[in-house]
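Worksheet for the structure shown next.
Position 1 is the first residue of the sequence, and the numbers go up from there.
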Amino acid sequence: MGSAFPEIGARVSAAGVVVETQAAVLSHDRLEESATALATELAQTLQCARVSVGWLERGCSRVIALSHGADFDARHALFEKLGAAMDEALEQGATLIVPSPDPAASFVTMAHGEVLGLCKGGVCTVPLVANGRALGAVTLERSERGFTAEEARFCEDVLSLVGPVLDLKRRSARSLRRHLLESLRDGSARLLGPGHARVKLAAAGIALLAAAAAFLPIPYHVGAPARLEGSIQRVVVAPIDGFLEQVNVRPGDIVRSEDVLAELSLQDLEVERAKRLSEVAQHENVYRAALARADRTQLVINQAKAAEAEAQLALLDNQMQRARIRAPFDGVVIKGDLSQSLGSPVQRGEVLLTLAPDDRFRLIIEVDERDIAQIAPGLRGKLALAATPGEVLGLTVTRVLPVAVAGEGRNFFEVEATLDAAGRTLRPGLRGVAKVGVGERSAAWIATHRVIEWLRLTLWSLGA
């Protein structure tokens, strides 16, 4: 490549032309602009009437650039002929020259003959290759004389250097979708095309391992949302009609047995108690007067009335004691915020608070109806709560409730379970995800059973 060509000019060496051509290609960002610069440099250097650069797309060459930046319509019949000439050279994997300087050459040049009929002088097509992969081709045309073998070799040297540059510019400009498609196509070519024995052997090994793993039994778990509840939940109700005077707890507070949770107003009860005290005193006075007169009739009557008044007084004392609402056991308040209801009236039997033990819990797992057939008492599993995702707790299924519950756009069954150990951070009302082990299944079944079940149900509903 170091010799000078008379056609190029004695003052310019072939190496210098190659460097200038590569610099012209590198000076542009887009593939089309770089290809136009390449075509223009070759046309000027080799004194061509026209130089076309074609790119291989979907197995066929498409003209993407012409020398001197000329505008063109790729659908024109001329460019279809140029594309056919480029394909002719790419299919034979050789540089084609028409008319050929070598009378012994035996290449097919029918498409080149059609192009030669338009330019009259000579046609030369050189494949554009990078890393052993055909990218496209360059077709050169002259109107007065043909091309020599030395000029063809010069074009091959130029294109061997600028081909990888053009390929990099094309790759940098392609979209993500095109990048993925081309990567898949290249991978398929390595696997299905000739050669690449090691790649094919590795792919076959991976495929066999994947097939074996697909049918290898592995532990399978049914996952479902879960919520934590107290093992016992006790509601605290208003013992009498009255008005809420004081509240000492809120949801989340830990209480001990006999702690005062809330107090009702005693004003009305105190007035009623004073009234009953006066009645008791009155009946006792009448009773003593009748005893002094030895009036047995009045004695018996007032004795009964006095006993009735004392019973009413004892009832009032009991109600006053119950007006102080106390915790029935050690636990935590899980429901009932009365702090905003001070002074409001309450009726006897009205629910005020809900308590649960702070050290005994039960777990409610909301198992989807599609998986409930696999759940049975005694199965083991694990629980991860949203409040403590790093702490995994063991569980045991104790009961499957037979009634479905509709909620959040799905049907599920409530499954009760107990925890193996209660953590200090557990509180009733916490939610998380539970996974119940239901045995071993193949990886293929785990990956496809949802789709297969849906197809079965759909086909059955259509009468198939």
Please give me the minimum heavy-atom distance between L31 and W55, naming the atom from each residue. CD1-CZ3, 4.0 Å

Show, in sequence, the C-alpha distance, side-chain angles and deciding distance for V255 and V332, and conclude whether the side chain to side chain contact (heavy atoms under 4.5 Å, CB included) test is met. CA-CA 6 Å; V255 298; V332 60; over 6 Å; no

Please assess C155 against L140 for the test side chain to side chain contact (heavy atoms under 4.5 Å, CB included), listing each intermediate value before the final yes or no. CA-CA 10 Å; C155 290; L140 303 93; 4.0 Å; yes

I need the S34 OG to K169 NZ distance, nearest 0.5 Å. 4.0 Å

Heavy-atom nearest pair, L264 first then P239, reads CD1-CD, 4.2 Å

Evaluation steps, side chain to side chain contact (heavy atoms under 4.5 Å, CB included), between V17 and F154: CA-CA 10 Å; V17 173; F154 169 74; 3.3 Å; yes

When you measure from the side chain of R227 to the backbone N and O of E366, does any donor-acceptor pair fall under 3.5 Å? no

Looking only at atom types and distance, does a side-chain atom of S67 sit under 3.5 Å from a main-chain N or O of V51, one as donor and one as acceptor? yes

Reported CD-to-OG distance for the pair E245 and S344, which is rounded to 0.5 angstrom: 12.0 Å

So, using salt bridge (Lys or Arg N to Asp or Glu O under 4.0 Å) as the criterion, who are the partners of R30 when residues are at least two apart? E32, E33

Within a 6.0 Å radius of atom CD on E144, are there more than 12 heavy atoms belonging to other residues, nucleotides or ligands? no

Is there side-chain contact between L352 and V346, with heavy atoms separated by less than 4.5 Å? yes

Looking at L228 and L419, what are the two nearest heavy atoms and their distance? CD1-CD1, 3.8 Å

Does the pair R256 and D259 meet the rule for a salt bridge (Lys or Arg N to Asp or Glu O under 4.0 Å), with working shown? CA-CA 6 Å; R256 299 303 175 195; D259 284 353; over 6 Å; no

For a quick test of reading the model, state the closest non-hydrogen atom pair linking G136 to L90 and the distance between them. O-CD2, 3.2 Å

Under a 3.5 Å distance rule, please check whether D371 uses its side chain to pair with a backbone N or O of V222 as donor and acceptor. no

Validation row: I218, I446 side chains within 4.5 angstrom (heavy atoms): yes

With sequence neighbours left out, what residues match W445 under ring pair (Phe, Tyr, Trp, His ring centres under 6.0 Å)? Y220, H449

Which pairs count as side chain to side chain donor-acceptor pair (under 3.5 Å) when at least one residue sits in residues 90-103, sequence neighbours excluded? T95-E156

What one should report as the nearest heavy-atom pair of V53 and M86 is C-CE, 4.0 Å

Check: R250 main-chain N/O paired with D337 side-chain donor or acceptor under 3.5 Å: no

At what distance, to the nearest 0.5 angstrom, does CG of L355 lie from OG of S257? 10.5 Å

Evaluate the side chain to side chain contact (heavy atoms under 4.5 Å, CB included) criterion for residues S442 and L216: first the C-alpha distance (whole Å), next the side-chain angles of each, then the deciding distance (0.1 Å), finally the verdict. CA-CA 5 Å; S442 68; L216 184 67; over 6 Å; no

Test applied, side-chain contact (heavy atoms from CB on, under 4.5 Å); reference residue, V415; option that passes from L379, I375, L401, L395: I375

Under 3.5 Å: donor-acceptor pair, side chain of E453, backbone of R450: no

Counting C-beta onward and ignoring hydrogens, is there a side-chain heavy-atom pair between T148 and P101 closer than 4.5 Å? no

Tabulate below the donor-acceptor pairs under 3.5 Å that side-chain atoms of residues 380-388 make, not counting sequence neighbours, or state none.
{"residue": "R380", "atom": "NH1", "partner": "T396", "partner atom": "OG1", "Å": "2.5"}
{"residue": "R380", "atom": "NH1", "partner": "D420", "partner atom": "OD1", "Å": "3.1"}
{"residue": "R380", "atom": "NH1", "partner": "D420", "partner atom": "OD2", "Å": "3.2"}
{"residue": "R380", "atom": "NH2", "partner": "D420", "partner atom": "OD2", "Å": "2.6"}

Interatomic distance, CD@E369 vs CZ@F412, rounded to 0.5 Å, equals 11.0 Å

Sub-3.5 Å donor-acceptor pair from the side chain of S160 to the main-chain atoms of D157, do we have one? yes

Just wondering, do L342 and V247 contact through their side chains at under 4.5 Å, heavy atoms? yes

Salt bridge or not between E414 and R399? Use side-chain N to carboxylate O under 4.0 Å. no

Give a yes or no on whether the backbone of E416 and the side-chain of T398 come within a donor-acceptor separation of less than 3.5 Å. yes

Sub-4.5 Å side-chain heavy-atom contact between V260 and E263: yes

Inter-residue atom distance T45.OG1 - E151.CD, 0.5 Å rounding: 11.0 Å

Name every donor-acceptor pair, under 3.5 Å, that has one atom in a side chain of residues 105-129 and the other anywhere in the protein, sequence neighbours excluded.
{"residue": "H112", "atom": "ND1", "partner": "E88", "partner atom": "OE1", "Å": "2.7"}
{"residue": "H112", "atom": "NE2", "partner": "T125", "partner atom": "OG1", "Å": "2.7"}
{"residue": "K120", "atom": "NZ", "partner": "G117", "partner atom": "O", "Å": "3.1"}
{"residue": "T125", "atom": "OG1", "partner": "T139", "partner atom": "OG1", "Å": "3.1"}

Validation row: L159, L38 side chains within 4.5 angstrom (heavy atoms): yes

Rounded to the nearest 0.5 Å, what separates atom CG in D253 from atom CG in L261? 10.0 Å

For residues 41-50, which residue pairs qualify under salt bridge (charged side-chain N to carboxylate O under 4.0 Å, His left out), counting only residues two or more places apart or in two chains? R50-E141

Considering all heavy atoms of both residues, which atom of P328 and which atom of V236 are nearest to each other, and what is their separation? CD-CG2, 4.5 Å

